[in-house]
Participant: 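Before I ask anything, here is the structure I am working with.
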Amino acid sequence: MNIAIAGSGAMGCRFGSMLDESGNSVLLVDNWKEHIETINNRGLTIINESGTHNQKITACIPEEAGDKVDLLIVFTKAMHTESMVNRCQKLIGENTRVVTLQNGLGNIETLEKYVPRNRIIAGVTTFGTELLGPGEIQALGSGRVQIMQADREETKEIQEVAYIMNEAGMNVEISANVSVSIWNKVAFNCVLNTLCTLMRDTVSAVGSYSEINDVINEIIDEIILVAGEEEIYLNKDSIMNMITAVFDLKMSGNHLPSMHQDMVNRRKTEIDFLNGAIVKKADLYQISVPVNRFIVHLIKMMEEIRGN
Ligand SMILES: NC(=O)C1=CN([C@@H]2O[C@H](COP(=O)(O)OP(=O)(O)OC[C@H]3O[C@@H](n4cnc5c(N)ncnc54)[C@H](OP(=O)(O)O)[C@@H]3O)[C@@H](O)[C@H]2O)C=CC1
Ligand SMILES: CC(C)(CO)C(=O)C(=O)O
């Protein structure tokens, strides 16, 4: 399959390299010129449990990208989805499927401005990856992917996408209710990405707090109320299990979530698309969400004080 990755940071490089390795033709598209030049001149460096590997793969800025592709996988941070897809329009033909596995709420709605819902594939992933510097990623551990067509139809196209992603080792499952999968992941990120950023520590360190379940409960209860207003009914136990399972060092215990990486690198975080999106919706539905509102303030305060 001809595939382009729109936004080739940590996750874009990881997914792009896996799909290229399994026999697809992959183009990494990104904004960061030094990163692009390093990948083209020296290959992409991937550090994982088995050592350091170098993979030859082609990268370019959006304006230099060529023909229409079969699959465009968007892996920018949520606030850059619109500008990246806008700049990648010449890669999108009438048969191109556009995939988003980004964190946060609102990614499907942004993509819908450029492609109809039946050609959008949305989902979530638990693969954790870090961008160490230009042309270099740390891809420790494994993960899973859940996807579905945004219009919820299970067509042969989505099956084909799941097939090629599975061939690349991505542990893909077609989700019967992708909205629930996305909201569950949002709840997960609203807890772990923010707490690890605020504590400046790993997932397992946050999980070791003796009263952690109380903290998680407070955040999640509010999210479940807001989701209910949109007729998305979340199961609290399964969200709690999803979160507490990764406290184990063998899971992503040692992982520093993407929001923590952004804060350390003085980049803007995705807070507006996580707890910030919950607060915005809560205001609309006139629901009180003091805990999530306070977390948004703390993260924004950190962003402002550090000067992004
Ligand atoms: N990392 C993870 O473990 C996971 C991330 N996700 C989600 O996937 C999406 C993509 O995340 P992720 O891959 O982590 O994003 P990254 O921050 O690694 O990359 C996103 C973009 O940021 C820019 N960028 C990053 N670092 C620098 C730098 N030092 N200098 C200049 N530009 C830089 C690049 O383009 P540009 O200049 O255009 O911004 C890059 O394309 C997000 O929605 C995230 O929440 C989901 C699961 C796990
Ligand atoms: C890897 C994972 C699942 C863990 O928090 C994530 O979504 C992130 O870092 O943003």
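Nothing fancy with the numbering, it's 1 onward along the sequence. All values below were derived from every heavy atom in this structure, side-chain atoms included, with hydrogens, water molecules and symmetry-related copies excluded. Counting convention: from 1, in listed order, for ligands and their atoms alike.
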Participant: More than 12 heavy atoms of other residues, nucleotides or ligands under 6.0 Å from CD of E231: is that the case?
Facilitator: no
Participant: Which ligand 2 atoms, with their elements, are less than 4.0 angstrom from a heavy-atom of N103?
Facilitator: 6 (C), 7 (O), 8 (C), 10 (O)
Participant: Looking at K68, I want to see if its NZ is surrounded by more than 12 non-hydrogen atoms of other residues, nucleotides or ligands under 6.0 Å.
Facilitator: yes
Participant: Other residues, nucleotides and ligands only: do more than 12 of their heavy atoms fall within 6.0 Å of CD on Q55?
Facilitator: yes
Participant: With sequence neighbours left out, which residue pairs that include part of residues 101-129 fulfil the ring-ring contact (aromatic ring centres under 6.0 Å, His included) condition?
Facilitator: F15-F127
Participant: What part of T76, side chain, backbone, both or neither, has a heavy atom within less than 4.0 angstrom of ligand 1?
Facilitator: backbone
Participant: Taking all heavy atoms of T129 and all of A139, pick out the closest pair and write down the distance.
Facilitator: CG2-CA, 4.2 Å
Participant: Would you check whether R14 reaches within less than 4.0 Å of ligand 1, judged by its heavy atoms?
Facilitator: no
Participant: Could you tell me whether K236 atom NZ has more than 12 heavy atoms of other residues or ligands within 6.0 Å of it?
Facilitator: yes
Participant: Please identify which atoms of ligand 2 are closer than 4.0 Å to at least one heavy atom of F188.
Facilitator: 3 (C), 4 (C), 5 (O)
Participant: Main chain of R306, side chain of R266: is a donor-acceptor contact present, judged purely on distance under 3.5 Å?
Facilitator: yes
Participant: Considering only heavy atoms, which of L101, N103, N189, D30 lies nearest to atom 35 (O) of ligand 1?
Facilitator: D30
Participant: Within the structure, is a non-hydrogen atom of K268 found at a distance of less than 4.0 Å from ligand 1?
Facilitator: no
Participant: Would you list the pairs meeting ring-ring contact (aromatic ring centres under 6.0 Å, His included) in which at least one residue belongs to residues 34-63, sequence neighbours left out?
Facilitator: W32-H35
Participant: Between F75, F273, W32, F127, flag the one that comes closest to atom 47 (C) of ligand 1 by a heavy atom.
Facilitator: F127
Participant: Between R267 and ligand 1, which residue portion shows a heavy-atom distance shorter than 4.0 Å: side chain, backbone, both, or neither?
Facilitator: side chain
Participant: Which of the atoms in ligand 2, numbered in the order shown and given with their element, are less than 4.0 Å from a heavy-atom of G128?
Facilitator: 1 (C)
Participant: Ligand 1 versus S8, non-hydrogen atoms closer than 4.0 Å: side chain, backbone, both, neither?
Facilitator: backbone
Participant: Select the closest option to atom 3 (O) of ligand 1 among L132, L274, I61, T129, judged by heavy-atom distance.
Facilitator: T129
Participant: With a 4.0 Å cut-off on heavy atoms, does N193 reach ligand 2?
Facilitator: yes
